[in-house]
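Taking it in order: structure first as structure tokens, then the write-up.
Worth knowing before you read on, the calculation uses all heavy atoms, side chains too, and leaves out hydrogens, waters and symmetry mates.
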Number of protein chains: 2
Amino acid sequence: MPDIQPDKATVAQQIRHLQDTLYVVNGKWKLPILVAVHQGNSRFRDIQRSVQGITTKVLSTELKALEQNKLVVRKVYDTSPPTVEYTTSSYCDTLQTMILEMIAWGKNHHDRIREE
Amino acid sequence: MPDIQPDKATVAQQIRHLQDTLYVVNGKWKLPILVAVHQGNSRFRDIQRSVQGITTKVLSTELKALEQNKLVVRKVYDTSPPTVEYTTSSYCDTLQTMILEMIAWGKNHHDRIREE
DNA sequence: ATATCTGGCATCCTTTAGGTAACTGGCATC
DNA sequence: GATGCCAGTTACCTAAAGGATGCCAGATAT
């Protein structure tokens, strides 16, 4: 008996949760940036090089948004010139399994498309 | 020894997979629509009622996109007036775990925000 | 000396997503 | 015979996302 049909209220609830998630990670760049940072790219230019095709302006605004949502931490070191380091927060780690699922699906999908 | 640092090429690869996924499911509405349809809402108006705030135009265009990506199947029955039924494809099922993760995170996030 | 790297900012522009409102045509209902 | 339901379509519009280019200032590398 797979896939028990939940009542409308439950479905509506699930959709709302989904929309909450989308609100935070929506857009073309936020998740790719998070992956890049999480994998050790802490410098602005490193991140830019990791995320193919992103411009400085977009990266800059997206990093700010991610910082506001407490997924990314920005640290400035008082060197000269100042060094800036981005890291993912521990809260960002809660996104891990979700992101891994998305990566896995993308890989699968890509393979499937190529077969056609 | 958690979180072994993968090499740049691997990271770039992962980001590309992620972007492939985003290309298919990006936007405010596609995933919510998929959930609504998957949960048994097969009629246009039912879907619209399930996905709070969506307009007929947006729903119509999004359904077409989802059909093109083979996540949704559209069937027209030759009744009078014609009956139209949307269902999720079996390929769409491969998105299940990913979507469930997103729902779970959204719920968690919502609770967390409320606590502040 | 000059070329390049750093972490961005400013400006301008284009594209896309998404929203508003009105309308359709056939059927069923009141 | 007026109203409402279904499954949309059309035309128009706004806001936001994204892109292109140029620039800065200090530092390091050649």
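Taking atom CG on B/Asp46 and atom P on D/dC5, their separation rounds to 13 Å, with Å as the unit. Rounded to whole Å, atom C1' of D/dA16 lies 17 Å from atom CG of A/Leu22. Taking atom NZ of residue A/Lys28 and atom C1' of nucleotide C/dG18, one finds them 17 Å apart after rounding to whole Å. A/Trp29 places its CH2 atom 14 Å from the P atom of C/dA17, with the value rounded to the nearest Å. Taking atom CG on B/Asp78 and atom P on C/dC27, their separation rounds to 12 Å, with Å as the unit. Atom pair A/Gln52:CD and D/dG19:C1' shows a separation of 15 Å (rounding to whole Å applied). Atom C1' of nucleotide D/dT21 and atom CD of A/Gln48 are separated by 13 Å, given to the nearest angstrom. Atom CZ in A/Arg49 sits about 12 Å away from atom C1' in C/dT4, given to the nearest Å.
In summary, B/Glu85 and B/Lys75 do not engage in a salt bridge, as defined by a charged side-chain N under 4.0 Å from a carboxylate O.
No path of Ile, Leu, Val, Met, Phe, Trp and Tyr side chains, each step under 4.5 Å between heavy atoms, connects B/Val73 with B/Tyr77, placing them in separate hydrophobic clusters.
Phosphate contact (OP1/OP2 of D/dG8, side-chain N/O of B/Arg74, threshold under 4.0 Å): present. A close approach under 4.0 Å does occur between a side-chain nitrogen or oxygen of B/Tyr86 and OP1 or OP2 of D/dG8. A/Arg43 has a side-chain polar atom (N or O) that falls below the 4.0 Å cut-off from OP1 or OP2 of C/dG7.
Taking a pair to require two hydrogen-bonding distances under 3.5 Å in either a Watson-Crick or a G-U wobble arrangement, C/dT29 pairs with D/dA2.
Non-hydrogen atoms lying under 4.0 Å from DNA chain D are contributed by B/Lys57, B/Ser60, B/Lys64, all within residues 57-73 of chain B.
Applying the 6.0 Å contact sphere to CD of B/Gln52 captures no more than 12 heavy atoms from other residues, nucleotides or ligands.
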**Message:** Run the side-chain contact (heavy atoms from CB on, under 4.5 Å) test on A/Phe44 and A/Val84 for me, step by step, so that the C-alpha distance in whole Å, both residues' side-chain angles and the decisive distance to 0.1 Å come before the verdict.
**Reply:** CA-CA 7 Å; A/Phe44 190 89; A/Val84 182; over 6 Å; no
**Prompt:** Hey, mind stepping through A/Val37 and A/Ser42 against side-chain contact (heavy atoms from CB on, under 4.5 Å) and telling me if it holds?
**Reply:** CA-CA 6 Å; A/Val37 175; A/Ser42 53; 6.0 Å; no
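Ring-plane geometry between A/Tyr91 and B/His109 is classed as parallel, the angle between the planes falling under 30 degrees on a 0 to 90 degree scale with a further cut at 60.
For the residue pair A/Thr10 and A/Asp7, a side-chain donor N or O sits within less than 3.5 Å of a side-chain acceptor on the partner.
Nearest-nucleotide mapping onto DNA chain C: of A/Glu85 and A/Asn26, the residue sitting toward the 5' end is A/Glu85. Taking for each of A/Arg45 and A/Gly27 the nucleotide of DNA chain D with the nearest heavy atom, the 5'-most of the two is the partner of A/Gly27.
For a distance-only test at 3.5 Å, the side chain of B/Thr56 qualifies as a donor-acceptor partner of the base of D/dT9.
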